[in-house]
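This report refers to the structure that appears directly beneath it.
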Protein chains: 2
Amino acid sequence: MRRMPRTRPYHHGDLRSALLQSAERTLREKGVGALSLRELARDIGVSHAAPGRHFKDKQALLDALAQDGYERMNRDLATAAALPDQPLEARVTSLARAYLGFAVEHPELLELMFARKHDPDSSAQLAAAVDHSLHLFTRVIADAQERGEIVQGDPERITTAAAASLHGLAALIAGCALDAQETLAGLDEHVRLLLNGLRPR
Amino acid sequence: MRRMPRTRPYHHGDLRSALLQSAERTLREKGVGALSLRELARDIGVSHAAPGRHFKDKQALLDALAQDGYERMNRDLATAAALPDQPLEARVTSLARAYLGFAVEHPELLELMFARKHDPDSSAQLAAAVDHSLHLFTRVIADAQERGEIVQGDPERITTAAAASLHGLAALIAGCALDAQETLAGLDEHVRLLLNGLRPR
DNA sequence: ACCTGAACACCGTTCAAGT
DNA sequence: ACCTGAACACCGTTCAAGT
């Protein structure tokens, strides 16, 4: 009996990405708590020990999901930040829409991305991804500072303030403490408050 | 053989609170992932089925921990908010210190408190606790509005902006994306940015 | 009322063995 | 190289039975 052609080398070609894809589906539909390696293997039609070939343990699979999430999110953010000649408010609003949009579409994934990590192996990679996200913010802030559109002071600190404001919304949506659609609808006003402050001018 | 005195009715008096106490310790030291009902029972010296008497399932215990967390946090926040005759910035800074202080001391618990709940039974109680927290904020905002210390507009929206800003810091600390001590040290400046905005005046 | 012990149906992880 | 099957040490939950 001849070997199957290259398109299906052993069982169906790429168990690793099949696992990731199936895992993200489960994550979205039933939450992290419902994610089981054995069930994933069952759904894909492979033995329960097979996932161990591609991920050293369950945490490694979760880390890979998070890493993947950062890559997609950072692409979205980079696109949104690429408005070099727009005024400050338009740029920040664009970033805010991109970030909150991602949060609303992938709340469980976002929770995973920001979950407390203990594994020192992959946490370095994840930290790099977070830094990349924040760097996109910092660049917008630093640009705006040069033009005098933003208060002087440590750009890191100002970025933290802006990022915390948006991340807080995202986290409150993910935790169901805020309504997603309502928050998106009020996002422009939120950015205006962030830029102008709560004190009357 | 006579019954033991009231102080140790069957095994040691109050399994429910013993479970909660032991669970919170594990939560703090090893994280939610390491929390097992059977291990809790083992540590306390009771059969593995005993917890089922006091919590219908594991989620019910987690919900009870979260509820407890809200009660303590809301006490802290209420104390911090009780500065009626102070100026705006002092009151908000006080609230911020209380909230971030709680977040830094109980990061795992906070994560649990804001985790996505599915159980409709206890989620109503938890939602009430969140509302109570937010109400403390709203009152400070509404007071300040009356005095003209804060921009006009829907107090709910303004509260959301202030709460998101602080919650974002808390979540970033809990997720190890920000350094706890550094963030606490810069908290007054953060509040100033929140009140005055990122745009120069 | 409160707890035990056994039972059931699951897990994650490892490891010799297969192809 | 990649996967299987059996084994191990755990889970959460239920339920008759004990005190």
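Because the structure is predicted, anything quoted here is derived from the model rather than measured.
One can place CG of B/Leu15 at 13 Å from C1' of C/dA1, the figure rounded to the nearest angstrom. Atom CG of A/Leu37 is separated from atom C1' of C/dT14 by 14 Å (rounded to the nearest Å). Across the protein-nucleic acid pair, A/Lys58 atom NZ and D/dA9 atom C1' stand 16 Å apart, rounded to whole Å. Rounded to whole angstrom, the span from the CG atom of A/Leu19 across to the P atom of C/dG12 amounts to 12 Å. Between the CD atom of A/Glu39 and the P atom of C/dC10 there is a distance of 10 Å, given to the nearest Å. Atom pair B/Ile44:CD1 and C/dC2:C1' shows a separation of 15 Å (rounding to whole Å applied). Rounded to whole Å, the distance from NZ on A/Lys56 to P on C/dT13 is 9 Å. In this structure, the NE2 atom of B/His54 is 7 Å from the P atom of C/dC2, given to the nearest Å.
The side chain of A/Arg42 places an N or O atom within less than 4.0 Å of a non-bridging phosphate oxygen (OP1 or OP2) of C/dC11. A sub-4.0 Å separation between OP1 or OP2 of C/dG12 and a side-chain N or O of A/Ser36 is present.
With contacts defined as side-chain heavy-atom distances shorter than 4.5 Å, the pair A/Leu19/A/Val46 does not qualify.
Checked against D/dC3, C/dC11, C/dT4, the side chain of B/Arg53 finds its nearest nucleotide in C/dT4.
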| message | Let me check I have this right: for DNA chain C, each base becomes ., (, ), [, ] or |, based on Watson-Crick or G-U pairs with both distances under 3.5 Å. What is the full string? | response | ||.|||||...|||||.||
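Checked for salt-bridge contact, A/Glu89 and A/Arg192 meet the test: a charged N lies under 4.0 Å from a carboxylate O. Using a cutoff of 4.0 Å between basic side-chain nitrogens and carboxylate oxygens, B/Arg157 and A/Glu189 are not scored as salt-bridged. Remark: B/Glu71 does not engage B/Arg75 in a salt bridge, criterion side-chain N to carboxylate O under 4.0 Å.
Residue B/Arg72 places its CZ atom among more than 12 non-hydrogen atoms of other residues, nucleotides or ligands, all under 6.0 Å distant. Heavy atoms from other residues, nucleotides or ligands lying under 6.0 Å from CD of A/Glu182 number 12 at most. Heavy atoms from other residues, nucleotides or ligands lying under 6.0 Å from CD of A/Gln21 number 12 at most. The number of heavy atoms from other shown groups lying within 6.0 Å of CZ (B/Arg139) does not exceed 12.
For B/His132 and B/Tyr70, the ring centers sit 6.0 Å or farther from each other.
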Can you give me the N/O atom pairs linking the protein to nucleotides 5-8 of chain D at distances under 3.5 Å, or say none if there are none?
| from | atom 1 | to | atom 2 | distance (Å) |
| --- | --- | --- | --- | --- |
| D/dA6 | N6 | A/His48 | NE2 | 3.0 |

